Structure formats: C-alpha cells, structure tokens
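As the structure is a prediction and not an experimental result, all values here were calculated from the model.
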Amino acid sequence: LGIFTQVVATCAAAGSVEGANRAFRAAKAAGLQPDCQLYTALMGAYCKGGRLDEAFKVFHEMEAAGVAANRFTFGTLIDGCSKSKQVAKAFGVYGIMMSRKVAPDRHIFHALIEACGKSNSLDRAFDVLQDMKAEKVAPDDYTTTLLLTACNTCGQVERAMGVYRVMRKKGFAKSPAPFTAAINACSTTGSLEAACKIYRDMLKDKVKPDEMVYCALMKVATAAGNVEKAFALLPEMRLRGLTPSIMAYDSLLNTCCKMGLPERAVEVYRTLTAERCKPGVSTFNALLQTLCDAGQLDEALGLLDAMGREGVLLNARSYIVLLGSCAKAKRVDVGVRLFHDAELEGHANN
RNA sequence: GCCUGUGAGUAGAACCUUU
C-alpha cells in the first residue's frame, strides 16, 4: 500500500490524474484493500487536476468501504474546494469534519482562509482565524501569508498592513514569505516607501530575503515609476549573497516594458546572457513587447534568431505582439509570413 | 537488546495556461 500511495502521490504532483488513477486501480487489482492514505492520495490527484466532483466520488467510495476519513482526507478536500473556488463546499466539508469529531489542524484553517480570499469574503477569512484560535491552533508564517494574500486579492491594503503590524508585534515571522506578501500589498497603492520599510523590517528581524522578495520590490518600484530603484535592487541582492536568476531579470524586463525603455531592456538581456541565465518565453515576450511598443520592429524580429538559438519556441503571446507591431508599421509581408508560422505552430486559433 | 529505514493534504513575486 505504501508503494502504491507513493506512486499515486507522485503522479498527482506531476499533474497526471490518469497515472494516479491507474496506480490506484493497480493496487486494487493486486488484491489490496485501499486504506485512508491511498484514498486521500487519489483525491489529492483529482483536486489538483481541478476535478473536484471526482474527488468527492472517491470520498464517498471510501466511506462506503467503511474506511474512516482523517484530517489529511478533509484537508485534501478542503484545499481542492479552495483551488476550485468552491467556498461553500469547503465549509461544508469542514462541517462534516467537525461533526465526525476530527480535530482540525493548521492545514484545514489555511485552506479555508485561502478559499475565503479567493471568493472575496475577507471578513470570513478573519472569522476562520478566530475559529483557529478557539481550536487552540496557533497561527504561523503560513497563516499570516495567507491572510495578507487574501487582503491583497480583496484590495484591502489597510487591512493587510494591520495584519502585518500584528505579525511583527508578535514576532513570529521566520521566513520571507509574509514579508513578500506585505510588500506586494504596497504595489496596489504604489507606495514604494512603505515597501522599503517592510524590507528594512525584515532585515532588522534577521529574516534572510530571498529572490521573490526582490521581485516583489521591483514590482512596487515599477508601479511607483521608480526605474532606478528597481535596477538598484540587483546589486542589493548580490550584496546579500543572492545570485539573480532569470526570475529577477524577468522582473526587470517587465519594468523596462512598463516604463518603455527598450535600450535598458536590451542591456538587461545582455547581462542575463553573460550571467548564463536561461531565458524563457516570458523573457523574450517581455523583450519583444518592449521593442514593439517602441516601434523597433526590426530589432524585435532580430530577436527571433536568438530565440531559436536558445531553443525557446514562440507562443501565441509572442505572435500577437509581433503581429500588432507589423500592423502598426504596415509591414504586410512580414506580418503574413509570421501569421503563417503561427498557423503552422498551432497558435493561430484565437 | 540496540541501531537504522518505512506511503497521503498547506503559503509569498514574476511568468505560463488564457492578448
């Protein structure tokens, strides 16, 4: 059973619902009676694949087989409901769980908070926090991060800052994630000062920033229109012992794109190539967009060779950007050729 | 007797999926 469960879980992690299903059936075919863990792993696969109904079918099958669900089972289902934005269902499962006298843990509350955030029910997210305390489950960094993210998606910057202040007062932030979420709240208001303050708080609290922190800061700097600040974060990262990866470079390319700075974008591209970072489609799309927005269609077309060399295929987005630029420049011949390429590669279907 | 190993569910940026 352990081996089959691992196979199911591995398939789920790889996004192969079919593989998970096959492994589950193989366990049965081997004459094994599935236990709670195996059923739960299969439900997880369905949930991750967005096939919530089938996850519930497995749950009912499990119940019919007389196998009792535990907190892992309920946690998997609630998380699946959250990912499919089915808040009511998530709380329904929570209700069943409580009626079965299964003690909830952090995962349960976290999945519920996430579900509330996704459905714009911020007040309810805070109710869950109260429930959590009532059940004597202590909030941690994950809890704070989820609450901050919920505030952000609901556009409640002030509330996010409130959560952040409480977190710092209690002093339990040990990881960079809650700080990143708090910084992200600042990009809504474009308040670079507030974001920098959070960054300084983090250093003061002896939490080591990771690359995502810098990407979030770059985003805020861009929203505030402060290009120099965004670029200054690159040496700052290095100063803290981090080597910028394609993530940071992509963020800077986005800055160039939003601010209309084709020369600097090309400069960033040169740097990341020199640093042996592997550019992806998003890297090239940001570059293409920047160049096209600036009317530099030929420079953009020149990049296509580089893409080929890097083994990066154009996607629909790349073609849309290029075709728009061809249209604006009235370059019919180039546009038609690109469109044919797009057709051949199956990107001309929308 | 000792040692070791033994399966399942959570968070943050950007991107992509989907102009």
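Across B:U4 and B:A8, the matching C1' atoms stand 23 Å from one another, rounded to whole Å. Comparing the C1' positions of B:A11 and B:G7 gives a spacing of 24 Å, expressed to the nearest Å.
The side chain of A:Asn184 places no N or O atom within less than 4.0 Å of a non-bridging phosphate oxygen (OP1 or OP2) of B:G12. Neither OP1 nor OP2 of B:C15 sits under 4.0 Å from any side-chain N or O of A:Asn285.
Rounded to an integer number of Å, the gap from CD1 of A:Ile183 to P of B:A14 is 12 Å. Taking atom CE on A:Met202 and atom P on B:G12, their separation rounds to 16 Å, with Å as the unit. B:A13 atom C1' lies 11 Å from atom CE of A:Met237, rounded to whole Å.
Residue A:Ala177 is classed as a base contact, given a heavy-atom separation below 4.0 Å to a base. Counting non-hydrogen atoms under 4.0 angstrom, A:Ser175 reaches a base of the nucleic acid.
When ring centroids are compared, A:Phe56 and A:Tyr46 stay outside the 6.0 Å threshold. For A:Tyr199 and A:Tyr214, the ring centers are positioned less than 6.0 Å apart.
Ion pairing between A:Glu54 and A:Lys48 fails under the 4.0 Å rule for side-chain N and carboxylate O. In summary, A:Lys89 and A:Asp53 engage in a salt bridge, as defined by a charged side-chain N under 4.0 Å from a carboxylate O.
Within 6.0 Å of CZ on A:Arg22 lie no more than 12 heavy atoms contributed by other residues, nucleotides or ligands. More than 12 non-hydrogen atoms from other residues, nucleotides or ligands lie less than 6.0 angstrom from NZ of A:Lys208.
Pairing each heavy atom of A:Phe231 with each of A:Val268, the nearest pair is CE2-CG2, 3.5 Å.
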Pairing of RNA chain B as dot-bracket, 5' to 3': ( ) intra-strand, [ ] crossing, | other strand, . unpaired, with Watson-Crick or G-U pairs under 3.5 Å? ...................

In B/S/- notation, 5' to 3', how is nucleotides 5-10 of chain B contacted by protein heavy atoms closer than 4.0 Å? --BBBB

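Each of A:Val321, A:Leu301, A:Leu323 was compared with A:Cys292 under the side-chain contact (heavy atoms from CB on, under 4.5 Å) criterion, and only A:Val321 meets it.
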Going through the checks in order, is the salt bridge (charged side-chain N to carboxylate O under 4.0 Å, His left out) test met by A:Lys118 and A:Glu114? CA-CA 6 Å; A:Lys118 283 195 175 134; A:Glu114 192 177 17; 3.6 Å; yes

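Sorted by residue number, the members of residues 250-284 of chain A with any non-hydrogen atom under 4.0 Å from RNA chain B read A:Asn254, A:Ser282.
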